[in-house]
Amino acid sequence: MKFSFKEINQSLWKSHRNTIDMVTMAELRNQSSSGVTTANLQGVKMKSTRNVETKPSNSYSTTQMVGLFLGPLLFLLILFFMPLPGLSDEGRSVLAITAWIAVWWILESIPLGITSLMPLVLLPLLGAVGEGVAAASYGNPLIFLFIGGFALALALERWNLHERIAITIISAVGASTPGLVLGFMLATGLISMWVSNMATVMLMIPIGTAIIAKVVTLMKEDNVHSVEEEMKFTKSIVFAIGFGGTIGGSATLIGTPTNLVLAGLASELLGFEISFAQFFLFAFPLTGLLMLFSIFYITKIAYPMKVKKIKNGKQFVLDRKIELGKMSYEEKIVLTIFCLTGFMWMTRTFLWSDIIPGISDTMIAMVAAVLLHLIPSTNKPGERILGKDSLKNMPWDVLLLVGGGLALAAGFNGTDLASWIGNQLLLLEGTSYLMLLAVTTLLGIGMTQMTPNTATVTILVPITAALALAMDVHPLPLMTAVAMGAGFAFMLPIGTPSNAIIFATGKITMMDMLRKGTGLTVLAFILILLFVYFVLPIVFGINQFEYPEALK
C-alpha cells in the first residue's frame with residue numbers, strides 16, 4: 001500500500017510539473033537558449049521537455065514542504081490554542097480551515113484544485129456548515145458561466161479564429177514600430193476579454209517572436225539595425241503581449257477568474273448579482289485607459305526607439321493573412337455564436353429580461369456551449385465544431401478553486417466569523433472612506449504580486465465584506481477594489497500566468513519586470529480608486545457610504 005501511494009503521489013506531481021512546463025513555455029525557453037532563431041518559434045507546440053523519465057529526488061520542494069506542515073499547524077493553533085474572544089466554535093472552525101487552505105493555495109503544497117476540495121471535508125466535519133451547503137458551492141451558476149466562456153475559447157482556438165482576429169487587428173495599425181506594439185497590445189487585450197489570459201498570451205508570443213525576427217532582418221537590410229534598437233523592440237513587443245493579456249482580461253467577468261470569484265462571492269455573501277453588462281460598463285473604460293497609458297509608456301518612456309518605420313514590415317503580417325486564407329465554414333459558425341453570445345450578455349438586463357423570463361448570463365453561456373457541440377463540421381466529416389474531448393481541456397483546477405472559495409464564503413456567511421472579523425477591524429474606525437478604498441486596493445495589489453491572484457481574491461474578498469459591515473459602508477466597492485487590484489499584477493513573474501509566460505521567453509529579466517511593472521501598478525492603483533469611487537456607484541446604482549439594511 002505504501003508503494004502504491006508513493007507511485008500515485010509521484011504521478012500526480014509529475015503531471016503538475018508538466019503542466020507548469022507548458023504554462024511557462026519550458027521548451028521555448030530551452031530552444032531559445034540553444035540558439036534556435038525566434039522565427040522558428042511560430043507554430044511551436046507547447047509540450048514538456050521531460051522526454052526521458054527522471055525519478056524526482058523529492059516529491060516536494062522546500063517551499064511545498066514548509067506549506068505542507070505550516071497549514072495544518074496553523075489550523076490546530078487557531079482551532080485549539082489561539083485566544084479569539086467573542087468568536088463561536090463554528091466561526092473558529094471556519095477561520096482555522098481558511099488559514100490551512102490559504103497556506104496550501106499560496107505555497108501550492110498540493111495541486112490547487114485538490115486543495116480546493118478540502119472544504120467539502122472540513123466544513124461539515126467541524127460542524128460549520130452542512131455537507132449539502134458546502135457541495136452546492138461547487139455547482140454555483142457562475143462556475144457554469146465560466147464553462148460556457150471556456151467552450152467559446154476552445155472553439156476559437158480549435159479553428160484558429162483567434163489568430164485570424166489577432167492578425168487582422170495588427171495589420172490595421174500600420175507598419176511602424178510603435179504601431180506594431182499598439183497592434184499586439186490591442187489584439188492581446190481584446191482576445192483576452194473572452195479567452196483566458198494564459199491561452200491568449202501563449203497564442204500571441206510565437207506570433208510576436210516571429211515578427212520580431214522579421215523586423216530585425218528588415219532593420220539590417222535598411223542599415224538601421226543596432227543591438228540597442230533590437231533590444232528595445234523585442235522587449236516592447238513582449239511586454240505589450242504580457243501586459244495586454246493581463247489588462248484586457250480584467251474587462252469582463254469571464255476574462256479572468258478573479259472577476260468570476262468576485263461575482264460569485266458577491267452573490268454568496270450579499271445576494272447581489274453582478275451582471276456581465278454592468279461589470280463591463282464599469283471595467284472596460286478603466287482597462288481601456290490603462291491600456292492606452294501602457295502603450296504610451298512602453299513606446300515613449302520605457303523603450304523609445306529611433307527607428308520608427310520599417311519597410312515591408314506590414315507585408316509580413318499581410319503574408320500571414322494570405323496564408324490563413326478565406327474564413328472556413330467552421331470559423332464563420334464560431335464567429336457567429338461568439339458575437340451572438342456577446343450581444344446577449346451585453347443586452348440581457350435591459351432588453352431580454354422582460355422577454356425571456358429567468359434568462360441569465362449562465363443560461364446564455366450554456367446555450368452557446370450546446371450549439372458548439374451540436375453543429376456539425378464540414379471540413380472534418382463526422383465531427384462537430386467542438387467534440388467530446390473539449391471536456392478534457394476545461395480548466396477544472398480553476399473551477400474547483402472557485403468552488404472552494406465559494407464554499408469558504410458559505411462558511412463565513414453561515415457563522416459569526418464575518419461579523420467578528422469586522423469587529424476586529426474597527427481600529428480603522430474614523431478613517432476616511434477613500435483611505436479604506438486605498439488600503440483594500442493596496443492589499444489586493446500587494447498580495448497578488450507573490451501569490452496566485454485567484455487565491456488572493458478568494459481569501460481577501462470575504463474579509464473586506466466584513467470590514468464594510470463594521471465600518472457601515474457598502475461592501476461592493478471594497479470587494480471590487482480588492483478584486484481589481486489582484487487582477488493587475490505586473491511586477492513579478494509569479495503574479496499571473498501572463499507574467500510567467502513572457503518571463504519564460506528569456507527576452508526580459510526580473511529587473512525589467514520590476515521596473516516597468518511598477519509604473520503600471522501605480523497607475524492601476526490610481527485608476528481603481530477613481531473608478532470605484534466615482535463610476536461604480538453610478539453603474540450599480542448603490543449608495544457607497546452606507547451598508548444596506550437588507551444585507552445586515
Side-chain angles (χ1 to χ4, degrees), residues 140-166 168-169 186-200 203 245 248-260 262-264 267 273-284 287 327-377 384-388 390-391 393-395 398-399 402:
N140 188 285
L142 283 164
I143 292 178
F144 292 94
L145 170 64
F146 193 71
I147 289 175
F150 209 80
L152 281 170
L154 289 174
L156 285 169
E157 293 170 14
R158 184 184 184 193
W159 300 106
N160 215 30
L161 181 58
H162 56 346
E163 183 176 356
R164 186 182 296 277
I165 294 171
T168 300
I169 294 171
L186 289 179
T188 309
L190 289 173
I191 294 174
S192 66
M193 292 180 187
W194 314 97
V195 181
S196 74
N197 300 351
M198 181 183 74
T200 304
L203 154 74
S250 295
T252 65
L253 277 183
I254 64 170
T256 178
T258 57
N259 295 344
L260 190 72
L262 169 66
S267 176
E273 181 193 3
I274 299 178
S275 73
F276 187 95
Q278 279 180 313
F279 188 85
F280 185 79
L281 287 175
F282 161 73
F284 181 73
T287 56
M327 286 186 69
S328 65
Y329 162 80
E330 289 81 5
E331 285 181 273
K332 293 176 182 177
I333 292 295
V334 173
L335 182 62
T336 300
I337 294 175
F338 178 81
C339 292
L340 283 175
T341 302
F343 173 75
M344 293 294 291
W345 274 337
M346 295 300 300
T347 59
R348 174 182 67 84
T349 54
F350 60 88
L351 186 61
W352 301 107
S353 294
D354 295 333
I355 300 175
I356 308 175
I359 189 172
S360 66
D361 291 336
T362 300
M363 185 187 299
I364 295 167
M366 287 296 96
V367 170
V370 169
L371 288 175
L372 290 170
H373 289 83
L374 183 68
I375 299 174
S377 166
R384 301 168 192 174
I385 302 299
L386 279 182
K388 60 183 180 181
S390 65
L391 294 174
N393 298 321
M394 290 289 176
V398 174
L399 297 175
V402 174

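Because only heavy atoms are used, hydrogens play no part in the values below, and waters and symmetry mates are left out as well, while side chains stay in. Values in this document were obtained by computation on a predicted structure and should not be read as measured data.
- Listed here is the closest heavy atom pair of A263 and I274: CA-CD1, 4.1 Å.
- Of the inter-residue distances, the one linking L262 atom CG with L253 atom CG reads 8.0 Å to the nearest 0.5 angstrom.
- Nearest heavy atoms, S192 versus G189: OG-O, 2.9 Å.
- For A365 against F144, the heavy-atom pair with the smallest separation is CB-O, 4.4 Å.
- In this structure, CG in L260 is found 8.0 Å from CG in N140, a value given to the nearest 0.5 Å.
- Using a distance-only test at 3.5 Å, with no hydrogens or angles considered, a donor-acceptor pair links the side chain of T341 to the main chain of I337.
- E330 places none of its side-chain heavy atoms less than 4.5 Å from the side chain of I375.
- Atom OG in S328 sits 8.5 Å away from atom CG in L161 (nearest 0.5 Å).
- Distance check: F279 CZ to N259 CG gives 3.5 Å after rounding to the nearest 0.5 Å.
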Full working for side-chain contact (heavy atoms from CB on, under 4.5 Å) between L335 and M327: CA-CA 10 Å; L335 182 62; M327 286 186 69; 3.8 Å; yes

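- Here the shortest heavy-atom pairing between A151 and A369 reads CB-CB, 4.0 Å.
- One finds the OG1 atom of T256 at 13.0 Å from the CE atom of M193 (value rounded to the nearest 0.5 Å).
- Shown here for R384 and L374, the closest heavy-atom pair between the two residues is CD-O, 4.1 Å.
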Chi angles and distances behind the side-chain contact (heavy atoms from CB on, under 4.5 Å) call for R158, I385: CA-CA 8 Å; R158 184 184 184 193; I385 302 299; 5.7 Å; no

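- The aromatic rings of F276 and F280 lie parallel to each other, with less than 30° between the two planes, well short of the 60° mark.
- A distance of 12.5 Å separates CD1 in I333 from CG in L386, rounded to the nearest 0.5 Å.
- The two residues A283 and S250 have their closest heavy-atom pair at CB-O, 3.5 Å.
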